[in-house]
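Okay, so here's the structure we're looking at.
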Amino acid sequence: MNNEKQLKRRIKYIIVIPIALAIILCGFFIFENGISSRVGMLSIALLMAYILIVVIVYFRMMPAISSIIVDYALEQGKIQKELLHELEIPYAILDTTGHIMWANNEFHRIVGVPKNKRIRKAIDSFFPQLTPEVMNDDEVETGIDYQDRRYKVSIKRINLSKVFENDKSENNDDDIVLAMYLFDETELYKYKQETIDQRLYAGLIYLDNYDEVMDSMEDVKHSILTALIERKINMYLSNVDAIVKHIENDKYFFVFKQKYLQTLREDRFSLLNDVKNINVGNDIAMTLSIGIGTDGDSAKSGFMTAYENARNAIGMAMGRGGDQVAIKQGDLVTYYGGKSAGTEKNTRVKARVKAQAFEELLLSKEKVLIMAHKRPDADAFGSAIGIYRMVTSLGKKAHIVINDVTEAIRPIYSTFTVGNTYDNVFLTSTQAVAEVNQNTVVVVCDVNRPSMTECEELLSLVPTVVVFDHHRQSNEIINGAALSYIEPFASSACEMIAEMYQYISRNPKLRTQEADAMYAGILIDTDNFLTKTGVRTFEAASYLRKSGADVTRVRKLFRSSMDEMKERAQGISNAEIFMDNYVLSYIVPDAGVNDAPTVAVAKTANELLNVENIKASFVVTEAEDGVLYVSARSIGDVNVQVVMEHFNGGGHANVAGAQLKGKKKEEFFKELKEVISSMHDSGDI
């Protein structure tokens, strides 16, 4: 309508302008010849005749012109509307709430509505992804899947008042519509996905306990076992079109396409159990670990990146005890398996190599700061003491960082406060930071997660960090360690340090209370040599006994008080059995007591394993600072470490724990039950 008015106004201009020019021309002649002259009179007469003719023509021709204009406009509108209807790109007009106001034939075809029937539904009834919140922006571009097709959606906001040149001072939602286009990118997406699917991923397979299994069986059966394992590996990987290369006796390398990774995930890497079930007379089951690396998301990444990630992944799998799969995709690491507790390593080569490397590393250093985890237990304190004596025997100055002397270490710690032998040995975090220089080494023991150390700040202040730990690794690790000795098969950090003593060239001698501290660490972590105890555990205990450790004296130091016995009784009384095989309990600390009864919690968790049919126990207590301490124990059938990892915790397959800040026990137990149920249903535990 506005266009028609404009056109009529312009036609009037076409009529008026010649008349005005004629008047000007007539005036010019009159001015030159005078109005009374013959020329002036003739000019006026001709002008009047011209104006009369123009007016008559205008009024006679205007209806015909208007009719032609209207017919033309209608014809153009029909053509445009027909073009929109027949446009091969699906197109629709929506209101601001997302309801469809109009759609072309192709849009009708896609959503399955006849083209002669008006669509009266909201757009999210066809495409749930296109909610009103998504369409709030002036321009929206997103991808959606609909009926096996992939579409790119483009939505633009149009102000009708501006389109018709009728601007208003305020925007009115009634004048705004949304124009939506659907671009079919199914083929493009298919080709892109095919390109991604063809990318190569690298994998490494290590037989965890190859030497131990081979030593336990007759030589004639070695080749049979090796052949069966290789056949299982080749058959399994042939299902994903992988290329496999046997690179060493206990190592395999394989390459496969990215599109098969999901197949392996869904299968949950049944190869782990297939190899474990092979038996040709071997008393020990063979287990393997798999590390898979992807090439990352960067365009510059390539197969070498995938191989490096695979090497890192296999290291993480082995560091967690083996018998599992680690998949490293950039910074994300996913684990599968890890149900077994692992097999003790008989060889001491690793202990000798690490001891000699540690000794060489200290040659150019002048000071060592030793720290364990927050709220240290007997193993953390004992291993720190062992490292202290090892370092001082090499002529280096050493300090132990301890912020809180908890009930767990108070009995053994008190033996070091008698006399002045250990004056200035123990420092707080603040004091330790003041001691740091470029020739300082920080040794972390009984923990491999930076956030759980006594002073995380120290790790960034020194150029050299050493880690000694027996806990399985998680995704959070101490990066850039100059020396890392993590042995998940060891019962305790004290066992590892005791082994290393036998390979130090200076032959360090432990004092009586130092040997007691290390022996106590082994005793507590193994629950009096009942849990995770192997040949090397007893050998380490024997070495400490020869160094002056007194079994009776240590036992007296760690006898339970009456309050602790009551706390343990409370924990047993509060026990709840879940799914017939899991027991959950809690201990409420006495009001006004700063220390949470973590020792009682650990002992209660151990005692609850004596209940018939119980496979794992979980006991918690809450400290005054709002931290919830969790102790998890298992009898060997359940890997409690993978359960605790859901709560940012860790530990061993049979002994694990977590520290949760700002979470109540009721909330924790609810989440724990959901985790156990989910892992049980999926076969992860």
Would you say the ring centroid of F538 lies under 6.0 angstrom from that of F529?
-> yes
Would you say L544 and L510 make side-chain contact, with heavy atoms under 4.5 Å?
-> yes
Cut-off 3.5 Å, side chains only: do Q356 and E360 have a donor facing an acceptor?
-> no
Can any side-chain N or O of K257 pair as donor or acceptor with the backbone N or O of V240 at less than 3.5 Å?
-> no
May I ask you to establish whether R633 and F618 are in a cation-pi arrangement, using a distance under 6.0 Å from NZ or CZ to the six-membered ring centre and at most 45° from the ring axis?
-> no
Show your working on side chain to side chain contact (heavy atoms under 4.5 Å, CB included) between L672 and Y582 and close with a plain yes or no.
-> CA-CA 11 Å; L672 178 62; Y582 307 93; over 6 Å; no
Taking the six-membered ring of F668 (Phe, Tyr or Trp), confirm whether the NZ or CZ of K663 is under 6.0 Å from its centre and within 45° of its axis.
-> no
Does any N or O in the side chain of K328 come within less than 3.5 Å of the main-chain N or O of I292, such that one atom is a donor and the other an acceptor?
-> no
Please assess K367 against E435 for the test salt bridge (Lys or Arg N to Asp or Glu O under 4.0 Å), listing each intermediate value before the final yes or no.
-> CA-CA 9 Å; K367 188 186 302 181; E435 291 283 335; 3.0 Å; yes
R311 atom CZ, over 12 foreign heavy atoms within 6.0 Å = no
May I ask you to test the Y201-I327 pair for a side-chain heavy-atom distance under 4.5 Å?
-> no
Any side-chain heavy atom of L200 sitting closer than 4.5 Å to one from Q258?
-> no
Can K374 and T453 be said to form a side chain to side chain contact (heavy atoms under 4.5 Å, CB included), step by step?
-> CA-CA 6 Å; K374 298 174 183 175; T453 57; over 6 Å; no
Has I247 got more than 12 heavy atoms of other residues, nucleotides or ligands less than 6.0 Å from its CD1?
-> yes
Would you indicate whether the side-chain heavy atoms of V368 and K397 approach each other to under 4.5 Å?
-> no
Between atom CE of M496 and atom CD of E487, what is the distance when rounded to the nearest 0.5 Å?
-> 6.5 Å
Correct closest heavy-atom pair for K259 and T263 would be O-OG1, 4.3 Å
Are the charged groups of K664 and E667 less than 4.0 angstrom apart, N to O?
-> no
Report yes if the side chains of V391 and I387 come closer than 4.5 Å at any heavy-atom pair, otherwise no.
-> yes
Which pair of non-hydrogen atoms, one from M371 and one from V442, has the smallest distance, and what is that distance?
-> CE-CG1, 4.0 Å
K251 to Y206 six-membered ring, cation-pi geometry met (6.0 Å, 45°) | yes
Is there a donor-acceptor pair under 3.5 Å between the side chain of S677 and the backbone N or O of K673?
-> yes
Would you say Q324's side chain and G322's backbone share a donor-acceptor pair under 3.5 angstrom?
-> yes
Can you tell me if S491 and D525 form a side-chain donor-acceptor pair at under 3.5 Å?
-> no
Are Q659 and L628 side-chain neighbours, meaning at least one heavy-atom pair lies under 4.5 Å?
-> no
Could you label the plane-to-plane angle of the Y422 and Y388 rings as parallel, tilted or perpendicular, counting under 30° as parallel and over 60° as perpendicular?
-> tilted
Derivation of the salt bridge (Lys or Arg N to Asp or Glu O under 4.0 Å) call for E499 and R536 | CA-CA 8 Å; E499 280 187 346; R536 292 168 65 174; 2.6 Å; yes
For N309 and G293, work out which heavy atoms get closest and say how close.
-> CB-CA, 3.6 Å
So OG1 of T440 and CD of E366: to nearest 0.5 Å the spacing works out to 6.5 Å
Heavy-atom pair with the smallest gap, counting every atom of V447 and A372 = CG1-C, 3.9 Å
Rounded to the nearest 0.5 Å, how far apart are NZ of K245 and OH of Y252?
-> 11.5 Å
Test item: side-chain donor near acceptor, S429 and N403, under 3.5 Å | yes
Compare every heavy atom of I314 with every heavy atom of G291, then report the nearest pair and how far apart it is.
-> N-CD1, 3.4 Å
Is there a donor-acceptor pair closer than 3.5 Å between any side-chain N or O of T621 and the backbone N or O of I587?
-> yes
Heavy-atom count around N424 CG within 6.0 Å, excluding the residue itself: above 12?
-> no
Polar contact flag, side-chain donor to acceptor under 3.5 angstrom, D267-Y236 | yes
Is it the case that E495 and T537 place a side-chain donor and acceptor less than 3.5 Å from each other?
-> yes
Look up atom CD in E266 and atom CD in Q262, then write down how far apart they are to the nearest 0.5 Å.
-> 4.5 Å
In chain order, what residues pass the side chain to side chain contact (heavy atoms under 4.5 Å, CB included) check against A493, with sequence neighbours excluded?
-> D379, S383, D446, H470
Calculate, to the nearest 0.5 Å, the distance between atoms NE2 and CZ belonging to H399 and F426 respectively.
-> 11.5 Å
Taking it one step at a time, do Y519 and C494 satisfy side chain to side chain contact (heavy atoms under 4.5 Å, CB included)?
-> CA-CA 7 Å; Y519 184 84; C494 287; over 6 Å; no
Would you call the rings of F269 and Y336 parallel, tilted or perpendicular if under 30° counts as parallel and over 60° as perpendicular?
-> tilted
Quick one: do the R449 and N648 side chains pair a donor with an acceptor below 3.5 Å?
-> yes
For the pair D404 (side chain) and T406 (backbone), establish whether a donor and an acceptor sit closer than 3.5 Å, ignoring hydrogens and angles.
-> no
Using modelled atom types only, decide if a donor and an acceptor are shared between the side chain of S460 and the backbone of E457 within a distance under 3.5 Å.
-> yes
Using the ring of each side chain (for Trp, its six-membered ring), is F254 parallel, tilted or perpendicular to F256, with breaks at 30° and 60°?
-> parallel
Sub-4.5 Å side-chain heavy-atom contact between L483 and V467 = no
Parallel, tilted or perpendicular, as decided by the 30° and 60° cut-offs, for the rings of F416 and F381 = perpendicular
Check: V619 main-chain N/O paired with S631 side-chain donor or acceptor under 3.5 Å = no
Of the non-hydrogen atoms in P376 and I409, which two are nearest, and what is the gap between them?
-> O-CG2, 3.3 Å
Step by step, would you call V275 with T287 a side chain to side chain contact (heavy atoms under 4.5 Å, CB included)?
-> CA-CA 7 Å; V275 171; T287 64; over 6 Å; no
Could R389 and E514 be called an ion pair, given the rule that one side-chain N must be under 4.0 Å from one carboxylate O?
-> yes
Could you tell me whether a side-chain N or O of N209 sits under 3.5 Å from a main-chain N or O of E212, the two making a donor and an acceptor?
-> no
Would you check if R352 and M500 make a side-chain contact, meaning some heavy-atom pair closer than 4.5 Å?
-> no
Indicate whether the side chain of K365 and that of T464 have a donor and an acceptor atom separated by less than 3.5 Å.
-> yes
State the CG-CD1 distance between L394 and I504, to the nearest 0.5 angstrom.
-> 6.0 Å
Y629 side chain to R375 side chain, donor-acceptor N/O pair below 3.5 angstrom = yes
